[in-house]
Amino acid sequence: MGSPAEEDYASFEERVGRTVYFDNLSPQVTESVLRTALDQYATVKNVKFIPNYTEPRNSPQCALVELDSLKKVKEIILVTAQHPFMMTGMPRPVRACPAEVEMFDDHPVKPGRKISCCWLDPRDPDFQIAKELKHITRRHASEAAFIHKHQMEEEKNLSDQQSLILKGNYKKFKMINSIMADGTARRLARRYHLRVADD
C-alpha cells in the first residue's frame with residue numbers, strides 16, 4: 001500500500017482513463033446536450049468544459065466527459081468517429097479521443113516529481129532555446145488562428161448549403177401535402193389508373 005499522495009494520484013489516473021476529450025463542439029452545446037447525446041451509450045458521471053480565453057466566444061469549444069467505465073470510452077470514441085454529432089438538426093464533425101493528464105487543471109502533483117523555475121541569463125546556452133520556443137509558440141498561434149478562420153468559413157458554407165436543402169425539402173413536402181388535401185393527387189391517380197392511399 002502506497003502513501004496517501006500515491007493513492008490520490010492513482011485514483012486520478014483511473015479517472016483520466018474513464019474520460020473522453022471532445023473537440024470542435026458547437027458553442028451552442030451545453031452539458032445537458034452532451035449528456036443527452038451520450039447517455040444512450042454510457043453513464044455520464046461528469047462534464048467539464050475547457051475555457052478558451054484566447055479565441056472569440058463563438059469559437060468551437062472542448063469538453064472533458066467522465067464515463068462510468070474504460071470500455072465505454074473506446075465505444076464512445078468509435079461512435080463519434082463513425083457518426084456526426086447532431087446539433088439543432090445539423091451534423092458537425094466533432095472529434096473525440098482519450099483524455100490525457102495534462103488536460104485537467106485540477107490534477108494532483110505526481111509523487112516524486114519536482115518542478116523548479118529560474119530566470120535565464122542571456123549568455124546561458126538555454127536562453128537561445130527559450131527564445132526559439134517563444135517564436136515557435138507565436139508562429140503556432142498565428143497558424144492556429146488562420147486554420148480556425150478557414151474552418152469557420154467552411155462551416156458557414158456547409159450550414160448555408162444544409163439550410164438551402166432543408167428549405168427545398170420543406171417546399172416539396174408542403175406541395176405534396178397541398179395536392180393531397182385539394183384532391184389533385186386523387187384526380188391524377190384516376191387519370192393514370194393508379195391507386196392512392198387516403199393517409
Side-chain angles (χ1 to χ4, degrees), residues 18-52 54-99 103 142-199:
R18 296 193 311 266
T19 303
V20 182
Y21 170 76
F22 285 94
D23 189 14
N24 200 36
L25 291 167
S26 166
Q28 296 174 311
V29 171
T30 62
E31 179 176 342
S32 62
V33 170
L34 271 177
R35 286 183 178 273
T36 302
L38 301 177
D39 273 343
Q40 55 187 316
Y41 302 104
T43 301
V44 177
K45 298 185 69 175
N46 185 40
V47 176
K48 183 175 183 181
F49 286 92
I50 301 176
N52 188 342
T54 62
E55 299 290 346
R57 294 185 63 182
N58 64 340
S59 301
Q61 55 183 343
C62 312
L64 294 168
V65 181
E66 183 185 352
L67 306 175
D68 56 339
S69 71
L70 178 61
K71 182 181 178 181
K72 295 296 184 180
V73 169
K74 297 178 182 178
E75 184 179 340
I76 290 293
I77 292 173
L78 183 62
V79 168
T80 307
Q82 293 176 343
H83 304 284
F85 187 86
M86 300 300 292
M87 178 64 196
T88 62
M90 299 296 179
R92 187 181 180 93
V94 174
R95 296 182 291 265
C97 65
M103 296 175 178
S142 299
E143 291 173 350
F146 174 80
I147 291 173
H148 175 256
K149 181 181 178 182
H150 180 67
Q151 182 181 1
M152 294 298 287
E153 289 173 354
E154 285 188 340
E155 289 186 3
K156 185 180 183 304
N157 292 336
L158 177 62
S159 176
D160 292 343
Q161 182 183 358
Q162 290 172 335
S163 179
L164 191 63
I165 292 172
L166 183 64
K167 288 178 181 177
N169 290 337
Y170 176 74
K171 286 181 179 179
K172 291 176 184 176
F173 175 78
K174 196 172 179 181
M175 181 183 68
I176 293 170
N177 192 47
S178 174
I179 65 173
M180 291 296 292
D182 64 8
T184 303
R186 283 186 288 274
R187 290 195 298 272
L188 288 172
R190 287 195 299 270
R191 174 68 178 82
Y192 293 102
H193 307 291
L194 299 172
R195 294 182 61 186
V196 177
D198 292 335
D199 56 352

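Throughout, residue positions are numbered sequentially from 1 according to the sequence presented. Keep in mind that what you see is a predicted model, and the values were worked out from it rather than measured.
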Quiz: residues 172-185 side-chain donor-acceptor pairs under 3.5 angstrom, not counting sequence neighbours:
residue, atom, partner, partner atom, Å
Asp182, OD1, Thr184, N, 3.0
Asp182, OD1, Thr184, OG1, 2.7
Asp182, OD2, Thr184, OG1, 3.3
Thr184, OG1, Arg187, NH2, 3.2

Using a 3.5 Å distance criterion without hydrogens, assess whether the side chain of Arg35 forms a donor-acceptor pair with backbone atoms of Val44.
yes
Any side-chain heavy-atom pair of Val20 and Thr80 under 4.5 Å
no
Is there a salt bridge (Lys or Arg N to Asp or Glu O under 4.0 Å) between Lys71 and Glu75? Walk through the geometry before answering.
CA-CA 7 Å; Lys71 182 181 178 181; Glu75 184 179 340; over 6 Å; no
Working for side-chain contact (heavy atoms from CB on, under 4.5 Å), residues Leu67 and Tyr41
CA-CA 10 Å; Leu67 306 175; Tyr41 302 104; over 6 Å; no
Find the distance between CG (Asp23) and CZ (Arg95) and round it off to the nearest 0.5 Å.
4.5 Å
If I compare all heavy atoms of Ala42 with all of Asp68, which pair ends up nearest, and what's the gap?
CB-OD1, 3.9 Å
Value for NZ (Lys72) from OG1 (Thr43), rounded to nearest 0.5 Å, stands at 7.5 Å
Under the side-chain contact (heavy atoms from CB on, under 4.5 Å) test, residues paired with Leu164 that sit two or more places apart
none
Could you state the interatomic distance from CD1 (Ile165) to CG (Asp160), rounded to the nearest 0.5 Å?
11.0 Å
Determine yes or no for a side-chain-to-main-chain donor-acceptor pair under 3.5 angstrom, with Gln61 supplying the side chain and Ser26 the backbone.
yes
Do you know the tightest heavy-atom contact between Ile77 and Cys97?
CD1-C, 3.6 Å
Mind listing the closest non-hydrogen atom pair of Leu25 and Cys62 along with its distance?
CD1-C, 4.4 Å
Euclidean distance, Gln161 CD relative to Asn157 CG, rounded to 0.5 Å
8.5 Å
Check: Phe22 and Ile76 side chains under 4.5 Å, non-hydrogen atoms:
yes
Between Leu64 and Met103 the two heavy atoms that sit nearest each other are CD1-O, 3.6 Å
